[in-house]
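Just so it is clear, the structure is predicted and the values come from calculations on it, not from any experiment. All chains are named by letter (A, B, ...) in the order of the sequence lines, taking the proteins before the strands, and each is independently numbered beginning at 1.
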Amino acid sequence: MAATLSTAIDVHFTGPKTDTKRPIFFTKHQRHSPTRRRFTIYCNSLSKSPLKSPQNLSESTNPKNPSLSDQLKPLSATTLPTTTKEQTHLLSNPKSIWVNPARPKRSVISLQRHKRSLYSYNPNVRELRLFAQKLNNCEDTESAFLAVLEEIPHPPTRENALLILNSLKPWQKAHLFFNWIKTQNLFPMETIFYNVTMKSLRFGRQFQLIEELANEMVSNEIVLDNITYSTIITCAKRCNLFDKAVEWFERMYKTGLMPDEVTYSAILDVYAKLGKVEDVLSLYERGVASGWRPDPIAFSVLGKMFGENGDYDGIRYVLQEMKSLGVQPNLVLYNTLLEAMGKAGKPGLARTLFDEMVDSGLTPNEKTLTALIKIYGKAKWAKDAMQLWERMRSNKWPMDFILNNTLLNMCADIGLEEEAEKLFEDMKVSENSRPDSWSYTAMLNIYGSGGKVHKAIELFEEMTDLGFELNVMGCTCLIQCFAKARRFDDLVRVFGVAVEQGVKPDDRLCGCLLSAVSLCEEGEDVEKVLACLHQANPELVAFVKLIQEEGSSFETVKEGFRSVISNSLDDARRPFCNCLIDICRNRNLPERAHELLYLGTVYGLYPSLHNRTAAEWSLDVRSLSIGAAHTALEEWMGTLAKIVRRQEALPELFLARTGTGTHKFAQGMTSAVASHLEKLAAPFSQSEERAGCFVATRDDLVLWVHSRTPSTVV
DNA sequence: TTTGCTAAAA
């Protein structure tokens, strides 16, 4: 399996030019920071984090047990390979352990998993479990709990107590029971009692209590084992107390205990969540160099980390590593990698990976399908999405409400109104997949982007009746819908209701309001919409007014633009600029529109607007609004005319890319550009071979320029 | 029926 997987990866990634001799790990990690550097960073970061161990911990006085950073420091300084060749070898073939005979490598991981004590059958299981249920269900006070404890059916021996403790679900009950056993003083409290209690506390995210118990163990000289540490570390992680997680990991080394692979994966995940990619890789490589054969969980941690960073090279690295170590992915690992592929923007590879997963005999679960449907929706791969949906039905693959909502979102992304309506109705009569506020929001999105005002209003009323509050996205969808239908009074009303309900307008919502402003005729409506926008983003409103004043200098506009853009989220910047340009075009301020397009380009909002090769020059307006596209087109034609007049070198072909209009926001772009080109009498015509493109030849363009102006050379 | 590690949506 692994072979086919990586073959597919190579084909997709490198194409025919695959150089098999190239180190696997040639990615950005190495480009920016080669191995040696990575180690240095890692050691520094560890030694910088101060240890806050309690006084009674013997670790700090034991020179035989240096901290992990101390252990690694001499290694990084002396034994790491220094030449590129050696680095490559170490990285591309982690199975082979690099050995320096003069300096044996110190291990960082225990290759043996902590072994559990044998479980002996307890004849009182049923009664004790029933009793535990009683405790679970009793009132949540200490007195009520102690009262029920009076009825304990068998004496709380070590085994009986463990069984009960293990069956107590709410952390409060487990904690109370644990404390009670301690007061009974019938047997010494062993590590396992602490471990079981901590597990329950972790479920309730009670890190403080866990830490108290851990310190109690230290002072009572009860051994903390790998299970204890991994529970502490994962609890800290779940409570977002990453410093604490690292701190306990270090303490573990200091006491001389080696982490086993479970603890090791847990800490890898901590560093991954902290965004310390370098550290994770160092730890990973050190583990492998110690003889560790990472399991699917470890690879899942790595894959997820790379996915979060949108780092496809990293995901490729994980796949290669799995292949070279012969690790067979399990379902969870596949799910993580699929999701990572989605985040890295590789729908094709996600599809390949999924096919291989199914071929390998695994059955996808809800999470697999959710990940994949989401990827197809975002990529607007309608065909693949529909095929997968069909397969889900015919194979009766598992579904849940999240998958259903993801399907609705996919329908919104692709514009499948009927399919969504059908699913939504099915959900209403289903047993355990009833529409929730996410489902309603997805439907609002579909009606909003499709401009179906009546359906949107109906849906909004329905969800209000059912008690679902409008969230910020639902509000944005409705506002978009009303703006398209020029129903500005309704727009203002919905905005008011939403804000009253506690919706906090975000940049997307502001973008939507700004777009509504561009659609208003000047007068009352504009003021009403601007008043809404003012509540959300007063600076933006001030800037809208500034650009419409003829007296505003370019410098003032530039400064205002800089401020507005830098105060908005990255995703919202280009839409803001597009709407601002539209506003200027609609108010007959073409000069200002050109200034704004210029500023947008300077600030990198339109990175792929112009493309030049020797054979053709193109203008790609697909990410522009119609007003911005007009402006860009004028700008481009002006530039081309100048170049023609200066008789500079020109390519054979010119191309204006408008897209095919299949994108729901890009509808009307093609006809708008067509009519604009017609007005200019420019020699561009819609290409037959290349969908969504207007083309002109060099000769036609030159003729056109000369026909417009007497042949004066500038 | 068992003391620890990976997983979810605009």
Kindly assign one of parallel, tilted or perpendicular to the pair A:Y284 and A:W292, based on the angle between their ring planes and the thresholds 30° and 60°. perpendicular
Base of [N], side chain of [X] - is there a donor-acceptor contact under 3.5 Å?
| X | N | answer |
| --- | --- | --- |
| A:T263 | B:dG4 | yes |
| A:T231 | B:dG4 | no |
| A:D225 | B:dG4 | no |
| A:N335 | B:dA8 | no |

Closest to the [X] side chain: [options]?
| X | options | answer |
| --- | --- | --- |
| A:S300 | B:dA9, B:dT6, B:dC5 | B:dT6 |
| A:D400 | B:dA10, B:dA8, B:dT3 | B:dA8 |
| A:D295 | B:dA9, B:dT3, B:dC5 | B:dC5 |
| A:T406 | B:dC5, B:dG4, B:dA9 | B:dA9 |
| A:T336 | B:dA7, B:dT1, B:dA10 | B:dA7 |
| A:I402 | B:dA9, B:dT6, B:dG4 | B:dA9 |
| A:V125 | B:dC5, B:dT1, B:dT3 | B:dT1 |
| A:N226 | B:dG4, B:dT3, B:dA9 | B:dG4 |
| A:N365 | B:dC5, B:dG4, B:dA7 | B:dA7 |

Phosphate oxygens OP1/OP2 of [N]: is one of them under 4.0 Å from a side-chain N or O of [X]?
| X | N | value |
| --- | --- | --- |
| A:R202 | B:dC5 | yes |
| A:K304 | B:dC5 | no |
| A:R158 | B:dT3 | no |
| A:N166 | B:dT3 | yes |
| A:K237 | B:dC5 | no |
| A:K378 | B:dA9 | no |
| A:K199 | B:dT3 | no |
| A:K367 | B:dT6 | no |

With sugar-phosphate meaning primed atoms plus P, OP1 and OP2, does [X] contact a base, only sugar-phosphate, or nothing at under 4.0 Å between heavy atoms?
| X | answer |
| --- | --- |
| A:V332 | base |
| A:E339 | sugar-phosphate |
| A:Y440 | nothing |
| A:V472 | nothing |
| A:R126 | nothing |

[X] [atom1] - [N] [atom2] separation (whole Å):
| X | N | atom1 | atom2 | result |
| --- | --- | --- | --- | --- |
| A:D436 | B:dA10 | CG | P | 13 Å |
| A:I297 | B:dC5 | CD1 | P | 8 Å |
| A:D260 | B:dT3 | CG | C1' | 13 Å |
| A:E308 | B:dA7 | CD | P | 10 Å |
| A:N124 | B:dT1 | CG | P | 12 Å |
| A:L362 | B:dT6 | CG | P | 20 Å |
| A:I414 | B:dA10 | CD1 | P | 13 Å |
| A:I446 | B:dA9 | CD1 | C1' | 14 Å |

Going by the side-chain hydrogen bond (donor to acceptor under 3.5 Å, both in side chains) test, which pairs reach into residues 159-172 of chain A, not counting sequence neighbours? A:N122-A:N160, A:R129-A:S167, A:T157-A:N160
Hey, mind stepping through A:F242 and A:Y271 against ring pair (Phe, Tyr, Trp, His ring centres under 6.0 Å) and telling me if it holds? CA-CA 8 Å; A:F242 299 108; A:Y271 282 111; 9.9 Å; no
If stacking means aromatic ring centre less than 5.5 angstrom from the base's six-membered ring centre, planes under 30°, is A:Y229 stacked on B:dG4? no
Quick check: does any side chain N or O of A:N335 sit under 3.5 Å from a backbone N or O of A:L338, one acting as donor and the other as acceptor? no
Around A:R158, counting heavy atoms of other residues, nucleotides and ligands shown, do more than 12 lie under 6.0 Å from its CZ? yes
Trace of the salt bridge (charged side-chain N to carboxylate O under 4.0 Å, His left out) decision for A:E425 with A:K428: CA-CA 5 Å; A:E425 290 311 312; A:K428 281 183 179 170; 3.6 Å; yes
Suppose we call two aromatic rings close when their centres sit under 6.0 Å apart. Are A:F193 and A:F187 close by that rule? yes
A:M198, A:E212, A:M189 screened by side chain to side chain contact (heavy atoms under 4.5 Å, CB included) with A:M217, the one that passes: A:M198
